[in-house]
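Single-structure report; data block below.
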Number of protein chains: 2
Amino acid sequence: MGRKRVTLADVARLAGLSQTAASMILTGRPDTRLSAEAHARVHAAAAELGYRPNLAARALRTDKTRTIAFISDVVATTRFANGLIRGTLEAADKAGHVVLLLETGGEPAREVQAIEAALDRQVDGFIFAAMRAREVFVPSLPAANRVVMLNATSRKHPVSVLPDEFEAGRAAIRLLDSAGIREGLALIGHNQVVEEGYFRSETVSRRLAGIRAEMDQRGMSFLAEESCWNWEAAHGYELVKGLLDRRVPVEALLCLNDRLAFGAYQALGEAGLRIPRDMPVVSFDNDELAADLRPGLTTFALPHEQMGQEAVRLLLAPEVEPFEHLIAMTAVLRQSLANIGGAD
Amino acid sequence: MGRKRVTLADVARLAGLSQTAASMILTGRPDTRLSAEAHARVHAAAAELGYRPNLAARALRTDKTRTIAFISDVVATTRFANGLIRGTLEAADKAGHVVLLLETGGEPAREVQAIEAALDRQVDGFIFAAMRAREVFVPSLPAANRVVMLNATSRKHPVSVLPDEFEAGRAAIRLLDSAGIREGLALIGHNQVVEEGYFRSETVSRRLAGIRAEMDQRGMSFLAEESCWNWEAAHGYELVKGLLDRRVPVEALLCLNDRLAFGAYQALGEAGLRIPRDMPVVSFDNDELAADLRPGLTTFALPHEQMGQEAVRLLLAPEVEPFEHLIAMTAVLRQSLANIGGAD
DNA sequence: ATCATCTGCTAAATCCTTTTAGCAATTATG
DNA sequence: CATAATTGCTAAAAGGATTTAGCAGATGAT
């Protein structure tokens, strides 16, 4: 009940040594000359009393808090956040750190507030995460602070972690080709503006660039490129329905994300077309719903969890190359593409 | 560059007053007798220097950190987490607090670790969140700590925030009845064990209890109750396909969650049945996918965001009734149920 | 024997606030 | 007019760690 917190002084007293000695021993200083016996006594005393250092006091002295700030634009609307946060949490935990979660809604004013709140608490580093990979405005920070951009890029802060979209684009084409699909392929969700990288997603433009590069190399080309602004299920439905209504002789779909693919499934279902027999479908993201679709959707997974882990690793590493760190997107093979040995 | 952090002493010096005065003025103490002029000078000095208090120092002195710990079993697997976290973040932000996010995977050892990490950082309160509402084991905490259970219950900690599942169950039946559906109704996802509340979900058993209570009152009963253990899309598919194969003359489906409903859609689609004309569907959760289904799924929304907000409110309120605080689940009307003025 | 070096340890300062106790001058009270 | 109360403010302690500077005794070098 009324027992006060155990302090270092208590430990020192029980061990019969000075606070200095206790501190040095417990923090594991390297070149101290304290005896083995002193070490043993201090550790024993700490264990006996259940000593836990007061981190506020330590922070006051050392300016280190073993806390990292995760500042994201939106946790809310997107299920993508989960993986990034989970990976971050996991890696932080392993490194004995803890995560302060802050959300800005992408509004500069709230970004400034969030940064100040984090600075006030003397976090050891910042992870700025965007839910759609893009160039993010980051208000200026005292130079000493370490920053990693997660699923985002920034002029000021060159260390960033991104999915390897270009390579995924290439791999998707290779996968289709190796399944015997070289013609009659429709691209669902092409968007000129996105492709040029002006808006929304830095990386999705690379996804497309990878697709086109690999197709060029193999002498392939799209039979149709259906374009839309947003990439929701409803848009996928409309685009594919349009294709079918116009009787374009499409033989396979490459959807730019899983929600578009979901919409495509709906349109194909209504038209009585079977996947993959009548129409194989390949997509990107590995959204949760990809596994729930019937048949399961073959898709290239955004490696969010690994990205979160990598961000923490970079943040805490003694030194780091100031580059983009690309994480591979692996194919998740399901039944929407036939002739391929499938896994879950 | 090399400029050090501005401290309270700097502010006091510039204002020509003592640190004590500066502290009292900036923390807005009520009954101090400092002159209006002193107030003005201190505020001016603080503004001029861009003073921000060192929260570590303050925490050391006051034991308050304006930080709350959000300890959850799983952020990962479930999209439900988003709403809870977002609501928490929002309300915390409004109250000038910040959120430490910790994940335990439901493992007691990690729970203990997470609590210690949070205690070490002197958080002002704990929110324990479970992704499926249930009784959660919480390792013992120093009695002084405030605790709110979010989407969870605990013997030790009586303040909890839960969705009002019972009432939602009743409302679902009322909604079906008012749409003219009184017979031929099938329940998808019934599960004896869940209903008795032994496992997984404290609240889903109430959902069922509400359904049954309202049906009894109206003299209604189910034509079929299809039971399964897990509530994934695949199970919904199997159950509904089974019903159709057995030619049970079902006229409407009440699914216990949206993923089951998703599976039901798939089975109905394959059988060539139209929703809602041939088969209306009503469900629970308002999962993200409910809006993306065709037709849109009418469902009772889990009010996760409000729940998160309420949890913070309760945590920071001066005093609180040690009860369950139930948050209403509102109907989201879409096209899967006809004869009802539909929204969105 | 003398001086330097090493060994094993500690006293005290420091980080930055908040808070307690109290001082000196002024005003009110009997 | 003496005493009490009020006003407006400050010095110093406290909170719990880390770190700097340095002490006393033992050992080694010359």
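Order of the sequence lines sets the chain letters (A, B, ...), proteins ahead of strands, with each chain counted from 1.
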Tell me the interatomic distance from [X], atom [atom1], to [N], atom [atom2], rounded to whole angstroms.
| X | N | atom1 | atom2 | answer |
| --- | --- | --- | --- | --- |
| B:K64 | C:dT19 | NZ | P | 10 Å |
| A:R13 | D:dG16 | CZ | C1' | 13 Å |
| B:R66 | C:dT17 | CZ | P | 16 Å |
| A:L26 | D:dT19 | CG | P | 13 Å |
| B:D10 | C:dC15 | CG | P | 11 Å |
| B:M24 | C:dT17 | CE | C1' | 13 Å |
| A:L8 | D:dA14 | CG | C1' | 17 Å |
| B:L60 | C:dT18 | CG | P | 11 Å |

Ignoring backbone atoms, test whether [X] places a side-chain nitrogen or oxygen under 4.0 Å from the OP1 or OP2 oxygen of [N].
| X | N | result |
| --- | --- | --- |
| A:T20 | C:dT10 | no |
| B:T7 | C:dC15 | no |
| B:Y51 | C:dC16 | no |
| A:R29 | D:dT18 | no |
| A:S23 | D:dT18 | yes |

Is any side-chain heavy atom of B:H325 closer than 4.5 Å to one of B:V148? no

Residue [X], side-chain heavy atoms: nucleotide from [options] that is nearest:
| X | options | result |
| --- | --- | --- |
| B:R61 | D:dT7, D:dG16, C:dT18 | C:dT18 |
| B:A21 | C:dC9, C:dT17, D:dT10 | D:dT10 |
| A:L34 | D:dT10, D:dG8, C:dC9 | C:dC9 |
| B:L17 | D:dC9, D:dA17, C:dT17 | D:dC9 |
| B:S35 | D:dA17, C:dT7, D:dC9 | D:dC9 |

- Query: Would you call the rings of A:F126 and A:F128 parallel, tilted or perpendicular, where under 30° means parallel and over 60° means perpendicular?
  - Reply: parallel

Shortest non-hydrogen pair, A:F70 vs A:T88, comes out as CE1-OG1, 3.4 Å

Rounded to the nearest 0.5 Å, the CZ atom of B:R58 sits from the OG atom of B:S23 at a distance of 8.0 Å

- [ ] May I ask you to say whether A:R86 pairs ionically with A:E90, meaning some side-chain N is under 4.0 Å from a carboxylate O?
- [x] no

Judged by nearest nucleotide, the residue sitting upstream toward the 5' end of DNA chain C, B:N54 or A:E37, is A:E37

Exactly one candidate in B:V147, B:L315, B:V161 meets side-chain contact (heavy atoms from CB on, under 4.5 Å) with B:I127; the answer is B:L315

Between B:S18 and B:R58, whichever has its closest DNA chain D nucleotide further toward 5' is B:S18

*asked:* Base, sugar-phosphate or nothing for B:R33? Non-hydrogen atoms, less than 4.0 Å.
replied: base

